[in-house]
2 protein chains.
Amino acid sequence: MMTVRQVSDKTGVSIRTLHHYDSIGLLRPSAVSEAGYRLYDEEALERLQCILMFRELQFPLKEIRRIMDSPDFDRNRALEQQITLLELRREHIDHLITLARGVWMLGVKCMDFKAFDTRKIDEYSEQARKSWRDTPTWQEYEQKHSGLSDEQEQAIAEGLMAVIGEFSPLRDQPAASPAAQAAVKRLQDYMTAHYYTCTDQLLKGLGKMYGGGGSFTENINQACGDGTAEFVAAAIAAYTA
Amino acid sequence: MMTVRQVSDKTGVSIRTLHHYDSIGLLRPSAVSEAGYRLYDEEALERLQCILMFRELQFPLKEIRRIMDSPDFDRNRALEQQITLLELRREHIDHLITLARGVWMLGVKCMDFKAFDTRKIDEYSEQARKSWRDTPTWQEYEQKHSGLSDEQEQAIAEGLMAVIGEFSPLRDQPAASPAAQAAVKRLQDYMTAHYYTCTDQLLKGLGKMYGGGGSFTENINQACGDGTAEFVAAAIAAYTA
DNA sequence: ATACACCATGACAAAACGTGAGAGTCAAGA
DNA sequence: TCTTGACTCTCACGTTTTGTCATGGTGTAT
């Protein structure tokens, strides 16, 4: 568990930035100390690394969050795009170096604005972003959340937590019990109503995220009582089997 | 002479950005049409190229302006730094590509934050900026303009134009005439009082800028009457001889 | 003349932090 | 135990560099 300063020193990300990422829900600390200090673990660092990768490619932070919090997030596709974009950027830098050297050593003054023109890169970047937004999942999310105030979004998120909270008193029953299965159904319905059509496939993904031992697990357990997250995961697993 | 759209299309810089650069005095249009349209010539494009080079290196726009408007602006030193910085950035990108490929193909999860850490680059960048600010010229400017409102800065700039305007009625006299030489002296004093100690050396640089046929020349001639800029340049040349 | 693409100014917005005030925390030493 | 100094927190406002209307004037081609 590292404090903000330690994370900052290790990663080069400013403390303010960590605060910022916390406040917009992009990177929540793994835990919060008695005194309210943010504490980050290895898993948070991993997420941060991923965030930085997207950020390096000029993705808006909000989109980074949406992408990474989505249960159908395809890491491989992301990396592939990222590599392509990085290679474009490298080419861009090479052009600039060539240009600068030309001006410097030969006094060339020919206008080579191609060197500065980032439109091709921006275009690819835009297309990459679009390729994420083009998934039906994203579309639906967009449609359901367009024109919603921050408080309303907050309310939806809290509503989701409440639905998950319903699992809490059922923990002593088997995951396949009718009560638990009904709760899974309600969770799926809530997701479908407020986020995107939650197919069994996506539900499965959600279950993995909740029970994976990561920040999702911890957040749920902290809010709804220890073991809730794992129980939800088990119930979902039973449901989708 | 190109309109904003044409410049935008050729360079990839947005129209809004051109407006902005005009409004902060970073890139003034070479001329303004009857109807107030901004018109840019080749020389403006050259300046724009230089601006973009600095911008690529994260210099704040205000500093870019100060640097480029200074008569002791050493373009070669600038280029040298720029090349170094670009090479650092290239190295950075290479690291990122390596990292991304590693994660992608080998599933490596080791935290290599060095790849994201831009502190070395920022550090060099900062040092580069500092190296411009460390000239006595800059120091003095900083000291004389610290705590001045925008209007006051404006007033000083207008005062300078007024001093230059004094040359206008002397244009039919020889550049070495006592009246012209006295005007040069007043110009030098004004610069020293409100900008930086204007040595004969710097004065010479100013003269070249004014008479060089560039935007300075045009601005002066537009404000004070055709031929004024060239006359000032000649008077300064006579003075520093 | 009227459509249509283009330009200007002005004002507001937004993204991603920076910065500073005011106040609480924590470990180490006098 | 008390203090000191380095950290931390939360507002809250500032900054930089554009993007985005709104409103209104230009220029030209049909």
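Proteins come first, then strands; the chains are lettered A, B, ... in the order of their sequence lines, and each starts at number 1.
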**Request:** Give one of base, sugar-phosphate or nothing for Ser14(B), where a contact means two heavy atoms less than 4.0 Å apart.
**Result:** sugar-phosphate
**Request:** Round to a whole Å and report the spacing from CZ of Arg5(A) to C1' of dT25(C).
**Result:** 15 Å
**Message:** Closest approach to the side chain of Pro60(B), judged atom by atom: which nucleotide of dC26(C), dC17(C), dT17(D) is it?
**Reply:** dT17(D)
**Request:** Side chain of His20(A) only, please: which of dT8(D), dC7(C), dA16(C) is the nearest?
**Result:** dA16(C)
**Proximity to the side chain of Ala35(A) - top-ranked nucleotide from dG19(D), dT25(C), dC7(C)** = dT25(C)
**OP1 or OP2 of dT17(D) under 4.0 Å from side-chain N/O of Tyr21(B)** = no
**Asked** Base, sugar-phosphate, or nothing: which does Ile24(A) touch, judged by heavy atoms less than 4.0 Å apart?
**Response** nothing
Please tabulate, one pair per line, each protein N/O and nucleotide N/O from nucleotides 11-14 of chain D that are separated by under 3.5 Å, including the distance.
none

**Prompt:** Among dT18(D), dT26(D), dC7(C), which is the nearest nucleotide to the side chain of Arg55(B)?
**Reply:** dT18(D)
**Fill in**
Against the side chain of Tyr37(B), the closest entry in dC6(C), dA16(C), dT18(D) is dC6(C)
**Complete:** Heavy-atom nearest pair, Ala229(B) first then Asn221(B), reads N-OD1, 2.9 Å
**Message:** So, OP1 or OP2 of dA8(C): does either fall under 4.0 Å of a side-chain N or O from His19(B)?
**Reply:** yes
**Asked** Rounded to whole angstrom units, what separation is found between the CD atom of Gln58(A) and the C1' atom of dA16(C)?
**Response** 12 Å
**Request:** Please state how far atom CD1 in Ile64(A) lies from atom P in dA15(C), giving the value in whole angstrom units.
**Result:** 13 Å
**Prompt:** Would you say Ser8(A)'s side chain and Val4(A)'s backbone share a donor-acceptor pair under 3.5 angstrom?
**Reply:** no
**Message:** Can you identify which nucleotide, out of dA16(C), dT18(D), dC9(D), has its nearest atom closest to the Leu61(A) side chain?
**Reply:** dA16(C)
**Prompt:** Any sub-3.5 Å donor-acceptor pair from Thr118(A)'s side-chain atoms to Ile121(A)'s backbone N or O?
**Reply:** no
**Message:** Below the 4.0 Å mark, does dT8(D) have OP1 or OP2 next to a side-chain nitrogen or oxygen of Thr3(A)?
**Reply:** yes
